[in-house]
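Keep in mind that the numbers below use all heavy atoms, side chains included, and drop hydrogens, waters and symmetry copies. Protein chains get the first letters and strands the later ones, always in sequence-line order, with residue 1 at the start of each.
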There are 2 protein chains.
Amino acid sequence: MTTHQQFSREAVLTAAEELVRTRGPQALTMRRLAAELGAAVTAIYWHVGNREALLDELVQRTVREMGQIRARGATPAARAESVALALRRKLRERPHLIALVHERGLTELMMLPAQRALVHEAHAAGLRGEAAAQAVRAVQFQVVGFVLVERNRERAPRQQPGEPDLWDVETAEQDPALAAALARTPDPERLFAASIRALVGSLWGAEAGG
Amino acid sequence: MTTHQQFSREAVLTAAEELVRTRGPQALTMRRLAAELGAAVTAIYWHVGNREALLDELVQRTVREMGQIRARGATPAARAESVALALRRKLRERPHLIALVHERGLTELMMLPAQRALVHEAHAAGLRGEAAAQAVRAVQFQVVGFVLVERNRERAPRQQPGEPDLWDVETAEQDPALAAALARTPDPERLFAASIRALVGSLWGAEAGG
DNA sequence: ACCTGAACACCGTTCAAGT
DNA sequence: ACCTGAACACCGTTCAAGT
């Protein structure tokens, strides 16, 4: 046989990223990728080594693309809050890739711009040393953790027993409004905003303004 | 051939749980499980259907085993805090199984005992209706999210650029203590306690006592 | 330098066959 | 009712061979 399809390492990475972004890492099989590129499976190995190295490269790219975070608002607390909100939005744009970054232990590096912004606002609020570090990390963990929980909830659309069934007036401290609220699927947008406001408000030592 | 090894459905589940608990779900292959039981692969299919159904069963068991959560402390805020701490401990005892529960959308059901305890304390603190529901959910998300982040950090032992390299005095607002604190690997125990205290303290509208 | 097919050691699953 | 081996359609990866 003669040499058939010619394609760059770049083409491999692009096709792989497309697969991972739209259908998740489990959809990235070397054979499927080869088919997509119209080449033999083994050609991919020449370009990128193996599957693990390929995923590593995608992860590197994601870290680079995460870019800058700009704080907005009047008070340090409000500005810290805005960083958290922006961070969540960015993370949610590429959930599969973020999960990979996370598994490969590059979360810290990826979070650096946001972390710097939070450090700045913590300092502006008068926090110093260990206390500032803990406040910054608490917000970081909160955002990443929330996004992970949120994603998993979306992936598992209907809770198997159905949340509505679990709460009635009797189990909810005789509080009908509470029972109704717990029976509803939570609005992650509002829940996140409220949680972050509570956390930042407490750690930054002030009310976080809108 | 004559019938060789006889073994119960129970034996399959026990062996499978052992594999998942100690080495994670990816270590659970039908062939490995069969080898462990000294039987043919296909015998397992007779007992449990297929791999997916087997994992479902393990998940069900985990949910059942999560049991009760007892609140401890004097004030409602302190008691809510204790629920969060106990919940984190329980979740961390079986991380792989918890991840499976989560993927299968049974987190809500599993969290029910803890949720009831939190609802009780929220009510005791005077929170009602929607506000109480949001406070309870914020704590839930916080705990689960934290455990997920924490686990992933442990799985990826050394951050690839090394956190120490990322922070020096100049990048840390000229605050040497802050730079040192951010360069250290965070102590999850303290970070969790501080975050939960901040969140609960803010949402429950009072300081959370020890 | 870049691509090929054959081959190996793994998967989960189905099925007809045994007792 | 309970277990067997053969077979199928998938994996990731290695390797000698082509041009």
Side-chain angles (χ1 to χ4, degrees), chain A residues 1-61 96-97 99-101 103-104 155-156, chain B residues 1-61 96-97 99-101 103-104 155-156:
Chain A
M1 283 289 178
T2 152
T3 284
H4 274 308
Q5 293 287 346
Q6 197 107 353
F7 57 99
S8 63
R9 172 185 163 84
E10 195 55 30
V12 176
L13 291 170
T14 306
E17 176 161 356
E18 172 69 12
L19 268 174
V20 173
R21 282 188 88 136
T22 58
R23 296 160 61 193
Q26 89 290 344
L28 176 68
T29 77
M30 302 303 263
R31 287 174 153 89
R32 184 139 39 188
L33 190 53
E36 213 115 313
L37 292 162
V41 203
T42 46
I44 296 174
Y45 283 83
W46 192 90
H47 282 293
V48 295
N50 57 24
R51 186 172 185 272
E52 209 58 17
L54 174 52
L55 287 173
D56 278 341
E57 188 58 40
L58 294 186
V59 161
Q60 300 265 25
R61 291 186 159 207
H96 296 303
L97 287 167
L100 287 176
V101 168
E103 279 168 22
R104 272 135 218 271
R155 242 183 302 168
Chain B
M1 281 290 178
T2 151
T3 285
H4 275 307
Q5 292 285 349
Q6 198 108 351
F7 56 100
S8 63
R9 173 187 163 85
E10 194 57 29
V12 176
L13 292 171
T14 305
E17 176 161 359
E18 172 70 12
L19 269 175
V20 172
R21 282 189 89 136
T22 58
R23 298 159 62 192
Q26 88 291 343
L28 176 68
T29 76
M30 302 304 264
R31 286 175 154 89
R32 185 138 41 189
L33 190 54
E36 212 115 315
L37 292 163
V41 204
T42 46
I44 296 173
Y45 282 83
W46 192 89
H47 281 295
V48 295
N50 58 22
R51 186 170 183 274
E52 209 59 16
L54 174 53
L55 287 174
D56 278 341
E57 187 58 40
L58 295 186
V59 160
Q60 300 266 24
R61 289 185 159 209
H96 296 302
L97 286 167
L100 288 177
V101 169
E103 280 168 21
R104 273 138 219 271
R155 241 183 303 170

Original post:
At under 4.0 Å between heavy atoms, what does B:Leu54 touch on the DNA or RNA strands: base, sugar-phosphate, or nothing?
Top reply: nothing
Original post:
Quick one: does B:Thr29 reach the base of C:dG12 with a side-chain donor-acceptor pair under 3.5 Å?
Top reply: no
Original post:
Rounded to whole angstrom units, what separation is found between the CD atom of B:Glu10 and the P atom of D:dC2?
Top reply: 14 Å
Subject >> B:Asp56 CG to C:dG12 P, straight-line distance once rounded to whole Å >> reply: 16 Å
**OP:** Mind calculating the distance between CZ (A:Arg51) and C1' (D:dG12) to the nearest angstrom?
**Re:** 9 Å
**OP:** Provide the Watson-Crick or G-U wobble partner of C:dC10, both distances under 3.5 Å; none if there is no partner.
**Re:** none
Original post:
Does A:Ala27 offer a backbone N or O that forms a donor-acceptor pair with the side chain of A:Arg32 under 3.5 Å?
Top reply: yes
**OP:** Could you state the atom-to-atom distance from CG of A:Leu37 to P of C:dC3 in whole Å?
**Re:** 10 Å
**OP:** Measure from CH2 on B:Trp46 to P on C:dG12 and round the result to the nearest Å.
**Re:** 21 Å
Original post:
For the pair made of CZ in B:Arg9 and C1' in D:dA1, what is the distance, rounded to whole Å?
Top reply: 15 Å
Original post:
How long is the span from the OG1 atom in B:Thr14 to the CZ atom in B:Arg9, to the nearest 0.5 Å?
Top reply: 11.0 Å
**OP:** Nearest whole angstrom, please: distance from the P of C:dC11 to the CG of B:Leu28.
**Re:** 11 Å
Original post:
If you round to the nearest 0.5 Å, how far is CZ of B:Arg51 from CG of B:Leu28?
Top reply: 5.0 Å
Original post:
Can you tell me how far the CG atom of B:Leu58 sits from the NE2 atom of B:His96, to the nearest 0.5 Å?
Top reply: 13.0 Å
Original post:
How long is the span from the CG atom in B:Leu97 to the CZ atom in B:Arg61, to the nearest 0.5 Å?
Top reply: 10.5 Å
**OP:** Figure out the CZ/C1' separation between A:Phe7 and C:dA1, and round it to whole Å.
**Re:** 13 Å
Original post:
From the list D:dT13, C:dG12, C:dG5, which nucleotide is the closest neighbour of the side chain of A:Thr42?
Top reply: C:dG5
Subject >> Selected nucleotide, minimal atom distance to A:Ala40 side chain, candidates C:dC11, C:dT13, C:dT4 >> reply: C:dT4
Original post:
So which nucleotide does C:dC2 pair with, by the Watson-Crick or G-U wobble rule with both distances under 3.5 Å?
Top reply: D:dG18
**OP:** Could you work out which one of D:dT13, D:dC3, C:dT13 sits closest to the side chain of B:His47?
**Re:** D:dC3
